[in-house]
Each structure stands twice: as structure tokens, then as C-alpha cells.
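To keep things clear, I will list the structure first and then write my remarks on it.
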Amino acid sequence: MEPVLEVKDLNISLKEGCNTYKAVENVSFSIGKGQTLGIIGESGSGKSLTCMAILGLLPADVWDYDAEIVLNGKSLPFRDNKAMRGYRGTDIALIMQNPMSAFNPVMTIKRHFEETLAAHKNWNKNQIKAAALEMLSQMRIKNPETVYNSYPFQCSGGMLQRIMIALAVIMEPSVLIADEPTTALDLTVQFEIIKLINQMRKKYNTSVVIVSHDLNVIAGIADEIAVMYSGFIVEQAPAEEVLNSPLHPYTAGLFRSRPSYSKERLSEISGQPLSLKQRNSMCMFSERCPLKGEGCSNFEMLAHKVSDDHFVRCCAKEMTKTSA
Amino acid sequence: MGKYIIKRLLQLIPILLVVSILAFGLVRVLPGGAAVAYLTARNIAPTKESIAAAEEYLGLNQPLLTQYFIWLKGAAAFDFGVSYASNKAIAPEILGALRNTMGLAAAAMVWLVLISVPLGIFSAKKPNSAFDHFSRGFAFLGASAPSFLVGFLLVLLFSVKLNLLPSFGKRNFASYIMPSLTLALGYIASYSRILRNSLLENMRSTNVLYARARGLKEKRVFSAHTLRNSMIPVVTNFCLSVGGMLAGSVIVEDVFSWPGMGRLIISSIEARDYPMIQAYVVIMALLYITINLVADILCAAINPKIRYEA
Ligand SMILES: Nc1ncnc2c1ncn2[C@@H]1O[C@H](COP(=O)(O)OP(=O)(O)OP(=O)(O)O)[C@@H](O)[C@H]1O
Ligand SMILES: [Mg+2]
């Protein structure tokens, strides 16, 4: 199957004076039509940077980046802000983490819909309103007319997140990027939001990239899972495989720290990830790794292919494989 | 919005009553009393008899409350009596001065918008560029230079050296230029910086990122999101300090001999022209309150949050 979105060798570094610090390295993935890729990883692992890079939204005066990003067979001009404008919102839509600050507080929801659609389509206000109300009711908003005419500060976070999904899906994009769409919300609302995203994916056959540091969110929706750590995808495979037989010690640790209904004590991964400036040529995870051994101190985070669709960046796994 | 304005208008009534009592009481507590001041202004020696006659004539021998109500009734109809100094009706004289002061303030406002908005935008577009440094230096000088000094320097340059603009009085359109610029300078300096900082902050805000992510044109992102939201602190700050502009105009009017409220009050105090001082206090209070009301309405118009909280 032809992939809808393909990211090849994404490298992002932070520019600071004459120094550069690598923030995201060799990230590659592809998503098929109607498929969901879940990216999981703790804070600072480069998930948001990866999403913003796809949309060409990283300010060039702060970030240096390079990749080949292919959308529906065409290479994306991600460096060209003007050219990217035509893709943003229409082909690739974004759902952000904090709905409370994403909407402009001085503009009604109506104006948000109007300006978004006016940027891409030649619709008049009545057409826009009809489409928006229809979309809002699909988001199970009971009084779409009232919500349409209200200001963002009159809506709850969960409500705004539904509106944001409506605003994204209304253009029927081929890719929907949801960067931690539930982090700022109540637990009860989180589930609802994930369900809505999944429904929209099915309805419009959209490909979804969903980012989270909550395994429950990812496990429930993703077809494929990429685990990020310190700017690298340390393990990537179909969801089933990652969930049932995680290979990277970090992935395994994540699963152990996942709260469940068993009486077992919640075990966390101890320690802190490295900040951008601390990163060097050893395995990024080695300081916290339970399997730390000889090879870890000069491991260049190479990808080791376990099978056709499963790879892992861990020297312990590489050793066992080669020695076997 | 209509409700908000009506509520604000009703709040004015008690404030104005207090102001009227203060203005009325002022003259009663001043040493020497109104009758003596009246006689002095007329060049009549204040003897026992002449004071008694003046008190009789001015109605000062009636009970205080009666005097207050007579005066209040007049003031409500904009009749503040007759000036001791010029022996003419006060209302037309003070309204003429008021018009001049308002004209000066309006001209200053034009400078303010015309200069500080572009200055703020250009410094924010290229932060720490040469232009930004220049505008920072300008803001520092403009905000710290006292207006009498700025006024004198302008006169020295444009009237004495270049002979381009009139140095005093209000004669034609050109007479507005220097006094209004002097009045505006301090505000231009601080508002251009407030706008610059607010723009820089908003450029990095989540809602601007989201606007861009929705594929809006860069022009629209700037005008409807970055700039629009950055105007809120500017307008709010302006609302708070607009009264200071009135106070500042006293100095500027003095420097440029501008026939406005500032000059009127200075000469009235010198002449101990009590009815004029009373009228001035009432009218200035009214003006101050009205301007603040307009400013608040402006704030509510630009920031919907205020409308819904009120
Ligand atoms: N504007 C910036 N200037 C400097 N460093 C930055 C900036 N933005 C992000 N970083 C750094 O880049 C790294 C990756 O950031 P990113 O936002 O992609 O993390 P994330 O995986 O999305 O984390 P989170 O779960 O907290 O959202 C972090 O170490 C972060 O500190
Ligand atoms: Mg993030």
C-alpha cells in the first residue's frame, strides 16, 4: 500500500549562537491511508518538534532541520512558509495540546471557522456556518448554535478540544496530527476525545499521528507505535507487537509504569532523561537502563531490525541477536 | 454593551455630587473669603462696609445650604455665574478654553497613534536590530525628558533657528504642531515599547501558532491575531493614564501660551477668581470622568472578556 505520509531521516537541531544541539535524530516513519501512528515518549523527547517539522512550523532562526517529507507521493516544501500555507489545515491538520490557549480569546468560535475556511475555500458565510454546525454536532456538542457564537473563554477545555477536532476535520485533511490532544483534559473527557478522533479517522479515512506520553491513550487507538527517547525513535513496530513483546528496556519500563488494576506496585523508570546539551555519543538511555553493559558507552543509537516491521535502537538487543 | 454603558453612567451621579460639594466648600474655607477676593479683583479697599455690601451682593450671607443649592442649580444648567476678574459670564469663557485643550489632546492622540504603532511594529519585526536599539534609545529619552524642556528645545529649533513654526499661541493649524507633539512625546515613547514587547510575546503565543497551523495567510495571522491581541495592553495602559495627559497639558499650555484650561486655571488662581475656580473643578471632574468612561468602553470593545465579566 502506498503510504500517505512518509518522513525520512528527520534531523532537528537547536541553534544557539555558533553551537547547535541535536534535538531529533534520524526519525523516519510512514503511515498508510486510514492508519494511526502513535508516538509515545516522556517530556522533552522531541515529539512536538517532530510534529511541527512536518507542518513546517519550526522557526528557522531557532531550529535547523533536514528531512524528506513526502505527502501523497509529493515532496513537501517544508522550508517554504508561503508554499506550506496551502498544505496546513487542508492536507495536514493539527490538534494542539492546550485548547485553552490555542484559540484566540478575542475571537468567537464562528470567526475561527470563518477565517480557517476563507483561507482555503470560496464559501460564503452561510455555507461555512452550515458546515461548521454539522461538524460541531458530529462532535456531540448539544447546542452547536450557541457554541458557534460564543467566545473561547465561555467554553470548557473539553468543549474547545472538540471544536478543535471539528476545525481540523472540516477540511477533510489526509493527515491529522494530534499532539497530546488529551493531556490538558479531565480523565473522563480524555476517553471521549480519543473516541471522537478515532471516529473521524474511520469516517474520512484520515491518517492520524497521535502523540502522547500516556500509554493508555496510545494503546487504545494506534495501529503502529513509535517510542521516542531523547530525540530518537528507540523502538517502532505494529501496536500489538510493541505492547506484547517490547524489546527496548525503555519501552518495557514504560509498560511497567503503566497504572493498571493489579495490586502490583507502580514501578517507575528512575532518573531523568538527558537535556539537549548533555547528549553525547553514548546510548541516551544508558544512565537509566537496567540492562546497561559494556557496549552502551559508545553506542551510536543504530537501528536494529528485528523483523520487517519492528526495529529497536539498543546495543544489548543487537548483541543478543548477533551472538545468537 | 448597552447595559454596561448605562451602568457606568449611573455610577457618575454620586461622584459628581461629591465633586460639587468639594468645589463649593473650597471657596468657603479659603482664608479671606470670597467677598474680599471679589473686592480685591475690583480694586476696592476691603472695609467692613464694603465687605458687608459685597456679601449681600454675592449672596454670601444666606444659609450655607441655600447658597449651595442656588449654586448647584446654576451649575446644573451650566451657569457658573460671573467671573470676578473679567466680569463676564464664566461658561462661554471656560468652554472656549476647554475646546482648545481638547483640540490639543486630540492632536497629541493623532501623533501618538501615527508614531508609536509603526515604531512598535518595526522594532518587534526585527528585535535587537539597529532600528530597535534606536527606538529603545528614543523611548528612554522621550519618557525621561520633562515636557517643558522638550517644548523649549522644539521652539529653539523650529521657531528660533528655522523660523518654520509659531512659538506660542493658537493662530492657525501650524500652531498645533509643537504643543501637541510635546504633549505626546512621553506617551509615544512608552506606548511604542509596550506595543513592541506585547507583539514579541504574542508572536510566540500558542494562538498565533495555531492560526498558522490552520493555514491562514501571514498577513491575516499578523493583523487578526498578533497585532490585535497586542493592542489590548496598549489600550488598557492608555485607559489608565489618559487622565495624566490632561494634567500634563497644564505645563505644555504654559510653555506655549496655549489658551486652554491649564492657562485659564493658573491665571484664575493668581486672580483669586473663585467662581471660575469652582467651575473649573466641576468641569475638569466631568471631563476626567467622561474620558475615563470612554476609555473603559474602548477597553471593553477591544477585549470581550471585560464585556462579559461586567
Ligand atoms: N524553543 C526552544 N528552545 C530551546 N529548546 C527547546 C525549545 N523547544 C523545545 N526545546 C527542547 O527540545 C527538546 C524536545 O522538545 P519537544 O517539545 O519536542 O518535546 P516533547 O516530546 O513534545 O515533550 P512534551 O511531552 O513536554 O511536550 C526538549 O529537550 C526541549 O527542552
Ligand atoms: Mg510536546
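Since the structure is predicted, the reported quantities are computational estimates derived from the model, not experimental observations. Residue numbers start from 1 in every chain, and the chains themselves are labelled A, B, ... in the order their sequence lines are given, proteins ahead of strands.
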Results of ring pair (Phe, Tyr, Trp, His ring centres under 6.0 Å) for Phe138(B) - residues two or more places apart only: none

Would you mind checking chain B against chain A for donor-acceptor pairs under 3.5 Å and listing them?
residue, atom, partner, partner atom, Å
Asn207(B), N, Ser101(A), O, 3.3
Ala213(B), O, Gly89(A), N, 3.4
Arg214(B), O, His120(A), NE2, 2.8
Arg214(B), NH1, His112(A), O, 3.3
Arg214(B), NH1, Glu115(A), OE2, 3.0
Arg214(B), NH1, Thr116(A), OG1, 2.8
Arg214(B), NH2, Glu115(A), OE2, 3.0
Gly215(B), O, Arg85(A), NH1, 2.7
Glu218(B), OE1, Asn81(A), ND2, 3.2
Arg220(B), NE, Glu115(A), OE1, 2.8
Arg220(B), NH2, Glu115(A), OE1, 2.9
His225(B), ND1, Asn104(A), ND2, 3.0
His225(B), NE2, Glu115(A), OE1, 3.0
His225(B), NE2, Glu115(A), OE2, 2.9
Asn229(B), OD1, Asn104(A), ND2, 3.3
Asn229(B), ND2, Asn104(A), OD1, 2.9
Arg307(B), NH2, Tyr151(A), OH, 3.1

Partners passing side-chain hydrogen bond (donor to acceptor under 3.5 Å, both in side chains) against Ser192(B) (at least two apart in sequence or in another chain): none

Interchain contact, [X] with chain B, by part (heavy-atom threshold 4.5 Å):
X	result
Ala102(A)	both
Phe103(A)	both
Met84(A)	neither
Ile177(A)	neither

At their closest point, which heavy atom of Gly215(B) faces which heavy atom of Ala119(A), and how far apart are they? O-CB, 3.6 Å

Closest non-hydrogen atom pair, Pro105(A) against Pro304(B): O-CG, 3.8 Å

Contact origin within Ile232(B) toward chain A - heavy atom pairs under 4.5 Å: side chain

Pairs in or reaching into residues 136-149 of chain B: which pass salt bridge (charged side-chain N to carboxylate O under 4.0 Å, His left out), with residues at least two apart or in two chains? Asp132(B)-Arg136(B)

Are more than 12 heavy atoms, taken from residues, nucleotides or ligands other than Phe140(B), located less than 6.0 Å from that residue's CZ atom? no

More than 12 non-hydrogen atoms from neighbouring residues, nucleotides or ligands closer than 6.0 Å to CZ on Phe134(B), yes or no? no

With chain B, which of Ala93(A), Gly89(A), Pro152(A) has the greatest number of heavy-atom pairs at distances under 4.5 Å? Gly89(A)

